[in-house]
S.K.: 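Mind having a look at this structure? Questions to follow.
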Amino acid sequence: MNRRELLIAGSACLLLPLSGRADGAILPRKPATPSNVRAIAMETSANKPNADLSNWRQSPQNHFAFHRLPSEIATARIPAGTTSATFPRSSKTIDAFSLRLPNGSAIDIERFLAATSTDAMIVLSDGQLVYETYRNGMEPTSRHIAMSASKAIVGLLTEILAAEGAIKLDVPVTKYVPEVANSPYAEVTARDLLDMRVAIVLDEAQEKSYAQSVGWEPPSDRKAGFQSFVSRLRGPAWQRGGAFLYHSANTDLLGWVLERATSCKVQDLLSEKLWMPIAGDDAALTLDWDGFPRSAGGICATVRDLARLGQAVSLDGTFESRQVFSSQIAPSLASDGDRQAWSSGQWGESFAPISRNMSYRSGWYTVDAHPQILFAMGVHGQNLFVDRKNKIVMAKFSSWPQPVDGRIMWLTHAAYDEIRKML
């Protein structure tokens, strides 16, 4: 999310209907594939000239462009392993789904999918397929952009690398990226970046430069990437280690930290640690003008593989009887977020219609209900929900007309809650 979208989030979520509260062992490695700078590893929308950098995130163009990116956006490939692309079928069903709304009316599954501009959705129970649908030209092998749900995936990757000793989360990021020593990030740690516990304040011109630097908007005359942008920032952070304050630049910088700590590209780390052992199809990661990856929002994956990742989280790092990552990571994501930082932070009140008992850890949101729910979230309706206790996962890609819509957000959470009750 950029600053404009963040302001929209702060206002739109307040429109949520309060009466509707819903508290409620690794595979053999493939040979490494070098990542070409500005190469295209994902289908683009060259045959749809009306979708370009100026409008690809607007409706109606986003219904197509979210799974066929504008040709100006380059991507790097994230190779998958040999996992089967399909799931065993469950005997359970959500055919009788009926969600009662605060006004007393009810909607069935088709009306829910339409109301939330669904592009693809999967529901798993105990790793078995309960429900699967594709719309707006999507197919099972289509890669859809995850937007800020990418932060949860990169956060999980970071936790894996930290557990393996490849990166230290509690030292200043300048140990890895000295280029930001004079910037607002000078005293910041990777943990601060992961948990959105650092506040940087950018003026309007800087926000525009940031948005252009990541390669998602028409560039200025000088095509400068994110690393150039963040290295030129000056001054201290407004706040560090306090309340939750969200900015996507934090996760983009985290990607640079990961690359310096490991001497590997983010896309290759994602492949080795997650896609090779878990995924059934290759993914992609968008690149900026200099070929640097967009860690904050650029992962493009199939909805099946997003669900597989959720399944691994629900099983505390296990996938198909293999321990893919430490069994301590998922419990930490759910339990180690700072509840006070969230409640006093930027979105504490905005999310109150969903729950007042929440936290944020390494890109993952936790709802402290019974049972506890982990979820990843991106603008325009990208979601991954994980019920670790009951092993129920819902992955959903969408193309909402607006980046953030409080009523649709509530509806999506309420629908997941209803689906869990049915299973």
Side-chain angles (χ1 to χ4, degrees), residues 1-13 37-38 51-59 61-62 65 69-70 72-74 145 147-148 150-151 154 172-174 177-188 192-193 196-240 242-257 259 286-298 345-347 350 378-380 402-404:
M1 271 185 214
N2 60 33
R3 190 175 184 84
R4 176 179 175 275
E5 291 166 346
L6 189 131
L7 292 173
I8 293 171
S11 59
C13 287
V37 173
R38 301 300 294 168
D52 56 32
L53 287 183
S54 70
N55 62 16
W56 71 283
R57 288 177 289 170
Q58 300 172 11
S59 183
Q61 288 88 351
N62 63 352
L69 297 177
E72 301 99 319
I73 298 179
I145 194 160
M147 296 298 185
S148 286
S150 302
K151 292 178 174 67
V154 172
V173 296
T174 50
V177 186
E179 289 89 338
V180 299
N182 296 317
S183 79
Y185 290 108
E187 302 295 325
V188 170
D192 295 328
L193 299 178
M196 296 294 173
R197 303 290 297 281
V198 56
I200 62 167
V201 179
L202 305 182
D203 61 30
E204 185 175 353
Q206 289 172 322
E207 287 288 357
K208 182 176 181 180
S209 294
Y210 168 59
Q212 292 174 329
S213 75
V214 299
W216 283 14
E217 294 189 5
S220 60
D221 293 337
R222 177 175 175 266
K223 289 184 177 180
F226 172 77
Q227 292 164 307
S228 174
F229 164 79
V230 74
S231 298
R232 288 184 282 110
L233 291 178
R234 293 294 179 265
W238 175 49
Q239 177 180 303
R240 174 182 170 259
F244 171 91
L245 288 162
Y246 186 102
H247 202 293
S248 286
N250 295 347
T251 312
D252 285 323
L253 176 56
L254 179 65
W256 198 358
V257 173
E259 292 199 346
T286 70
L287 305 174
D288 72 10
W289 305 109
D290 296 328
F292 182 71
R294 182 84 208 272
S295 296
Q346 191 169 19
W347 295 348
S350 298
V379 291
H380 294 280
Q402 299 299 322
V404 177

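This structure is a prediction, so every number in the text was calculated from the model and none was measured.
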S.K.: Parallel, tilted or perpendicular for W216 and W56, by the 30°/60° rule?
M.R.: perpendicular

S.K.: Could you tell me which residues satisfy side chain to side chain donor-acceptor pair (under 3.5 Å) with E179, sequence neighbours excluded, listed by chain and number?
M.R.: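 Partners of E179 under the side chain to side chain donor-acceptor pair (under 3.5 Å) test: R260.
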
S.K.: Fit a plane to each ring of Y210 and F226, take the angle between them on a 0 to 90° scale, and name the class: parallel (under 30°), tilted (30 to 60°) or perpendicular (over 60°).
M.R.: perpendicular

S.K.: Output yes when a side-chain donor or acceptor of R197 lies under 3.5 Å from a complementary backbone atom of R240, and no otherwise.
M.R.: no

S.K.: Determine whether a donor-acceptor pair (N or O, by modelled atom type, separation under 3.5 Å) exists between the side chain of Q346 and the backbone of Y246.
M.R.: yes

S.K.: Can you see which heavy atom on P184 is nearest to which on I200, and at what distance?
M.R.: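 Looks like CB-CG2, 3.8 Å.
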
S.K.: Using every non-hydrogen atom in the two residues, find where I73 and L69 come nearest and quote the distance to one decimal.
M.R.: CG2-CD1, 4.0 Å

S.K.: Would you confirm whether Y185, through its side chain, and V173, through its main-chain N or O, come within 3.5 Å as a donor-acceptor pair?
M.R.: no

S.K.: Looking at S248 and S148, what are the two nearest heavy atoms and their distance?
M.R.: OG-OG, 4.2 Å

S.K.: Using the test ring-ring contact (aromatic ring centres under 6.0 Å, His included), find all partners of F244 that sit at least two apart in sequence or belong to another chain.
M.R.: W342, W347, Y360

S.K.: Has the side chain of D203 got a donor or acceptor atom that lies under 3.5 Å from a matching backbone atom of Q206?
M.R.: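 Yes, D203 side chain to Q206 backbone: donor-acceptor pair under 3.5 Å.
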
S.K.: With sequence neighbours left out, write down each residue that passes side chain to side chain donor-acceptor pair (under 3.5 Å) with S54, or none if nothing qualifies.
M.R.: D52

S.K.: With a 4.0 Å cut-off, would you call D252 and R294 a salt bridge?
M.R.: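 A salt bridge is present here (some side-chain N lies under 4.0 Å from a carboxylate O).
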
S.K.: Let me see the working for M196 and T251 under side chain to side chain contact (heavy atoms under 4.5 Å, CB included), right down to the final yes or no.
M.R.: CA-CA 9 Å; M196 296 294 173; T251 312; 3.6 Å; yes

S.K.: Which atom names give the shortest non-hydrogen contact between S228 and R222, and what distance separates them?
M.R.: OG-NH2, 3.6 Å

